[in-house]
There are 2 protein chains.
Amino acid sequence: MPSPTDSTAPADTTSPTGPTGPTGPAARRSDATRAAILDAARERFAADGYERATIRAIAKDARIDPSMVMRYYGSKEGLFAAAVAVDLRIPDLAALPRATVGETLVRHFLAQWRENEVLTALFRVAASNPAGAERTRGLFRDQLLPAVRRVCPDPEQVPARAALVAAQLLGFGLTRFVLRFPAAVELHDEEVVAWLGPTVQRYLTAPHP
Amino acid sequence: MPSPTDSTAPADTTSPTGPTGPTGPAARRSDATRAAILDAARERFAADGYERATIRAIAKDARIDPSMVMRYYGSKEGLFAAAVAVDLRIPDLAALPRATVGETLVRHFLAQWRENEVLTALFRVAASNPAGAERTRGLFRDQLLPAVRRVCPDPEQVPARAALVAAQLLGFGLTRFVLRFPAAVELHDEEVVAWLGPTVQRYLTAPHP
DNA sequence: CTTGTTGGCCAACACTTGTTGGCCATCACC
DNA sequence: GGTGATGGCCAACAAGTGTTGGCCAACAAG
């Protein structure tokens, strides 16, 4: 499986737009199309899940031919991998007042979930697609676990505490953004923070019961 | 959409096994096959989700012809509806010591989830299938909401508290049984009760923050 | 102007899906 | 024994899927 960042497109040996400027690698004419495909893919995966988000539908949304998707991303799996490359940008919990880590995390995840439909796409797919599930486990392992480690002194307890935090945050995201329980949708963000904040705080810092 | 209990099979006007006994409606010769189909369907839906759980695969598991599935359940949607008819059997929270409702609920859901793979099937499907999502909203509305109402005096707060409970319980079920985060799988049930019990207790009985 | 590369589309392939209709064996009942 | 319903399978259909290869226009380099 190709990494999320590389494409299966022909290697860019020579830059058609002249020498690469100092601002980054050469911008190709097709970059706009590539981005349009990724946007459409995220939207479709978030709305329909993996199987029903067809390449034809994604291509139609991006206003290009389905075969272009294959040329740029190799396969549907490659497209998915590229579309849901997520960086949670979890703040450094060790740099915060210890009593506020719970509330901070809840606020952060609410914001992330709302502004990035990629999370909805990822979890919708993860529920019924092995590759998607593996991707979420990677997220947990590589991003949440290290963050929790910064706030929990006993390394032995880190996985359990991180799992509890994940269950709570992911559970609320699921009920609100994926399953769309009306009661979860209608809660104000401040209420959510007030309820979930202390829970996450306890999972992170309370002594093992 | 047919109700979960009725099938699209030809109406049983005359009982082939003689007059109906006092133990219930006539047992038909095909009942074993019907049950085998439902079992196989639950297993496949739980393992693969809606789209990849093909009727052909389900029929193969049940050792019958795919066309039988159509005859007995009308369509794939009808089969799904029949396969994931779930009764959570939530205990009457008003009959319990008020301080134990949280722990009781957590224990109850852990048991339900483990012994009934139907929950895994339902939530796996719900994440990417509108009909499945609607089904989970019905579960929330018709089974969890009334249970919470029995323990919460203020009707105005019931939906929010129920949503929080659902988020926590469903979130853990998701991480352990659907996404299979190792850290969530390895937690002992008693640890889960010790951590989640107080959370659910607070969501149910603590004063509005 | 020629030439080679890049971006793009069209048409098709091979396969799987849900679904349907027809045919045959079995069994209860007259 | 006849007869009709019931349980079951086989073969096919139409639609939709991911994927592939070939063709064409635009444009930069020589």
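Worth saying up front: this structure is predicted, and the values here are computed from it rather than measured. The chains referred to below are lettered A, B, ... by the order of the sequence lines, with proteins before strands, and numbering in each begins at 1.
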[X] and [Y] ion-paired at < 4.0 Å:
X        : Y        : result
A/Arg176 : A/Asp189 : yes
A/Glu190 : A/Arg107 : yes
A/Glu134 : A/Arg141 : yes

Between [X] ([atom1]) and [N] ([atom2]), how many Å, whole number?
X       : N      : atom1 : atom2 : value
B/Met70 : D/dG8  : CE    : C1'   : 16 Å
B/Met68 : C/dT19 : CE    : P     : 16 Å
B/Tyr72 : C/dT20 : OH    : P     : 16 Å
A/Ile55 : C/dC13 : CD1   : P     : 20 Å
B/Arg52 : C/dG18 : CZ    : P     : 13 Å
A/Asp31 : C/dT6  : CG    : P     : 13 Å
B/Tyr73 : D/dG7  : OH    : P     : 12 Å
B/Tyr50 : C/dT17 : OH    : C1'   : 12 Å

message: Partner lookup for D/dA29, please. Criteria are Watson-Crick or G-U wobble with both distances under 3.5 angstrom; report none if nothing qualifies.
response: C/dT2
message: Any strand counts, and the cut-off is 3.5 Å on both contacts for Watson-Crick or G-U wobble. Which nucleotide pairs with C/dA11?
response: D/dT20
Residue [X], side-chain heavy atoms: nucleotide from [options] that is nearest:
X       : options               : value
B/Ile64 : D/dC9, C/dG7, C/dT19  : D/dC9
B/Ser75 : C/dT19, D/dG8, C/dA12 : C/dT19
A/Arg71 : C/dG7, D/dG8, C/dT19  : C/dG7
B/Ser67 : D/dT17, C/dG21, D/dG7 : C/dG21
A/Asp65 : C/dC9, D/dG8, C/dT19  : C/dC9

query: For the side chain of A/Arg56 and the base of D/dG18, is some donor closer than 3.5 Å to an acceptor across the two?
result: yes
- prompt: Should the pair B/Arg34 and B/Tyr72 be classed as cation-pi, given the thresholds of under 6.0 Å to the six-membered ring centre and 45° from the axis?
  reply: yes
- request: Assess whether atom CZ of B/Arg150 is packed by more than 12 heavy atoms of other residues, nucleotides or ligands within 6.0 Å.
  value: no
